[in-house]
Trainee: 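Questions regarding the structure given below will be posed in turn.
Order of listing sets the numbers, starting from 1, for every ligand and every atom in it. Nothing fancy with the numbering, it's 1 onward along the sequence. Side-chain atoms are counted along with the backbone in the values below, which use heavy atoms only and exclude waters and symmetry mates.
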Amino acid sequence: MSAQHIEEINFCIRCGQPLAKEFCFGRLRPKCPACGWVYFADPKVAVAALIQKNDKILLTRRANDPQRGLWSLPAGFVDAGEDPLQAIARECLEETGLSTRAGRLIDVLYGQEHPRGAHILIAYQMEILGGELRPGDDVDRVDFFAREALPPLAFHTTQKILQRAQEMDQS
Ligand SMILES: [Zn+2]
């Protein structure tokens with residue numbers, strides 16, 4: 001996995017002064033020389049869903065960059081203050097039109113695939129409760145695919161998650 005991109009911040013969000021870099025709490029961090037506020041970069045957390053029907057896997061086609069036109073599992077960022085389980089059900093509904101509930105936890109993956117991507121990805125198996133399959137939000141197509149005939153994938157993590165789920169099925 002490539003180097004972790006951490007957002008830079010230049011001004012104090014408390015008092016507006018330019019920040020300096022200072023060694024504190026174990027590493028070099030932006031710190032305000034005026035009021036003493038220290039910037040701790042937080043990881044971005046995302047959730048992804050493995051939804052299967054008749055051994056086929058539900059994928060969504062990305063309508064926006066990065067990786068526009070390529071396919072991925074239904075996924076999205078966890079909002080601050082949002083339970084990851086709520087976040088994944090919300091993303092499934094927004095992107096695929098399906099209402100779902102969480103099954104097993106497949107894996108927690110660390111590592112950013114692109115500069116705007118998440119640092120930590122939580123992958124759940126999701127069960128379909130109802131709804132009608134239709135693309136929405138930042139997705140322009142949704143479809144089920146056989147494992148041996150997947151379309152071009154946007155992210156390496158998709159294969160990792162599929163592999164992990166398969167290992168769990170076999171053990
Ligand atoms: Zn300040």
Side-chain angles (χ1 to χ4, degrees), residues 1-51 59-126 135-140 142 152-165:
M1 206 56 67
S2 60
Q4 300 299 291
H5 175 85
I6 303 290
E7 270 176 274
E8 286 296 323
I9 181 168
N10 297 315
F11 296 94
C12 179
I13 64 163
R14 269 203 196 150
C15 75
Q17 289 293 308
L19 296 171
K21 287 260 173 96
E22 210 176 287
F23 193 85
C24 53
F25 301 101
R27 68 158 89 156
L28 211 53
R29 301 176 194 275
K31 185 176 179 180
C32 178
C35 76
W37 179 77
V38 178
Y39 173 64
F40 291 90
D42 293 315
K44 274 175 181 266
V45 179
V47 282
L50 177 59
I51 300 175
L59 294 176
T60 63
R61 194 171 71 173
R62 298 174 61 80
N64 299 311
D65 281 322
Q67 306 292 56
R68 179 181 177 172
L70 301 180
W71 295 76
S72 77
L73 298 172
F77 289 109
V78 179
D79 243 334
E82 188 180 35
D83 185 329
L85 288 169
Q86 274 180 319
I88 192 55
R90 173 181 56 73
E91 290 291 346
C92 287
L93 186 62
E94 286 172 5
E95 292 187 349
T96 72
L98 299 177
S99 62
T100 53
R101 76 162 163 235
R104 64 188 177 173
L105 173 69
I106 298 172
D107 210 348
V108 178
L109 301 167
Y110 176 72
Q112 225 178 2
E113 290 214 43
H114 61 88
R116 280 188 278 154
H119 302 95
I120 294 170
L121 179 66
I122 309 171
Y124 296 101
Q125 184 112 33
M126 300 296 284
D137 198 23
D138 50 357
V139 158
D140 65 6
V142 279
L153 297 174
F155 305 117
H156 298 297
T157 45
T158 298
Q159 282 292 10
K160 269 195 199 169
I161 291 164
L162 293 177
Q163 208 176 329
R164 184 80 189 102

Trainee: Is the shortest side-chain heavy-atom distance between Ile88 and Ile122 below 4.5 Å?
Mentor: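 Of all side-chain heavy-atom pairs linking Ile122 with Ile88, none is under 4.5 Å.
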
Trainee: Under the 3.5 angstrom rule, does the side chain of Glu95 hit a backbone N or O of Ala75 as a donor-acceptor pair?
Mentor: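 Present.
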
Trainee: What protein atoms of element N, O or S are positioned under 2.8 Å from the Zn ion (ligand 1)?
Mentor: Cys12 SG, Cys15 SG, Cys32 SG, Cys35 SG

Trainee: I'd like to check the side-chain contact (heavy atoms from CB on, under 4.5 Å) partners of Arg68; sequence neighbours left out, ordered by chain and number.
Mentor: Asp65

Trainee: Should the pair Phe155 and His114 be assigned to parallel (<30°), tilted (30 to 60°) or perpendicular (>60°) ring geometry?
Mentor: parallel

Trainee: Does Tyr124 reach the side chain of Leu85, with side-chain heavy atoms less than 4.5 Å apart?
Mentor: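 Yes, close enough: below the 4.5 Å cut-off.
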
Trainee: Distance alone, cut at 3.5 Å: any donor-acceptor contact between the side chains of Ser72 and Gln67?
Mentor: no

